[in-house]
Structure formats: structure tokens, C-alpha cells
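Atoms considered below: every heavy atom in the structure, side chains included; atoms not considered: hydrogens, waters and symmetry mates.
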Amino acid sequence: QVQLVESGGGLVQPGGSLRLSCAASGRIFAISVMGWYRQAPGKQRELVATITSAGNLNYVDSVKGRFTISRDNAKNTVYLQMNSLKPEDTAVYSCYARVMTIQAAYMDYWGKGTLVTVSS
């Protein structure tokens, strides 16, 4: 019913920038939360940033001041602007959305992920 498609990952040098995008499509009544998670090799998945429909923001401490999450509610799209990237930011970044479907039930959806590699 709902699909999340990410884009924008790639290879970047330390100190560089990338902008990730994720568009949700399908039978969507409302999206309460959108966000980004990441998983590095050998590590558990962690929250990077979330944004609610009201604009409330949440970031993991390690990215505060460097990453910015935003969303376009009309387009059901969330963005992650990543600046001053560090090698430890290397991970698969996955889009997340908590969606109210037309059946009036909240469902969690995940994108397939996009790889971000920070290396010189």
C-alpha cells in the first residue's frame, strides 16, 4: 500500500555534504513521523533524525549541528541535509515513516536504504 523510495546516497570525502531524499507514495491518509535511521557495518541500527507532522525535531547527539532534517508535507517527502561528514557517518541510511492508512490504522514503513560512504 505504501512505498518509501530513498535517493541521494553516494561517496563523499570527509568534510563534504550530501542531501538524502525520501518520498512516500501509496494509499496514505496522514504521516505522523518521518525520519532517517542508519546502520553501519557491525553495529545496530540507530536513529539519526525524525520530524513530526507538526515540525518537532529529534537528532542523535553525534549529528547535531551537522545534519538537518526537513519535510514537505504536501509531497510526503523527507530530506536529510548532511554537512561536515565524517568517516564514522558511513552507513546505510534508511527512510522511516509512520503512516495512517485509509483503514485508519498506523503502520510503520521502511525504505530499502541508500549507502553513504565517507572516505578520502
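- Nearest heavy-atom pair, S94 versus E6, reported as atom, atom and distance to 0.1 Å: CA-OE2, 3.4 Å.
- No single ILVMFWY cluster, assembled from side-chain heavy atoms under 4.5 Å apart, contains both V63 and Y37.
- By the 4.5 Å heavy-atom criterion applied to side chains, M82 and R66 are not counted as neighbours.
- Within the model, atoms CG of L57 and OG of S70 stand 9.0 Å from one another, a figure rounded to the nearest 0.5 Å.
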Take S32 and M100 through the side-chain contact (heavy atoms from CB on, under 4.5 Å) test and state the conclusion after the steps. CA-CA 8 Å; S32 63; M100 178 176 284; over 6 Å; no
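- For the residue pair F67 and Y59, the shortest heavy atom distance occurs at O-CE2, 3.4 Å.
- Remark: side-chain polar atoms of Q39 are not paired, donor with acceptor, to backbone N or O of V92 under 3.5 angstrom.
- Under the 4.0 Å criterion applied to side-chain N and carboxylate O atoms, K86 and D89 are not assigned as salt-bridge partners.
- The closest side-chain heavy-atom distance from C95 to V78 is below 4.5 Å.
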Side-chain donor-acceptor pairs under 3.5 Å in residues 104-111, sequence neighbours left out?
residue, atom, partner, partner atom, Å
D108, OD1, Y96, OH, 2.9
D108, OD1, R98, NH1, 2.8
D108, OD2, R98, NH1, 3.3

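- The two residues R71 and S53 make their nearest non-hydrogen contact at NH1-N, 3.1 Å.
- Hydrophobic clustering places V2 together with I51 (ILVMFWY residues linked when any side-chain heavy atoms are closer than 4.5 Å, directly or through intermediates).
- Counting all heavy atoms, side chain and backbone alike, V60 lies closest to E46 at CG2-OE1, 4.1 Å.
- The minimum heavy-atom distance linking G35 with I69 is given by the pair CA-CD1, 3.9 Å.
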Side-chain polar contacts of residues 7-31 - donor-acceptor pairs under 3.5 angstrom, sequence neighbours left out - could you list them?
residue, atom, partner, partner atom, Å
S17, OG, N83, OD1, 2.9
R19, NH1, Q81, OE1, 3.3

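- Interatomic distance, W36 CH2 to T50 OG1, rounded to the nearest 0.5 Å: 13.0 Å.
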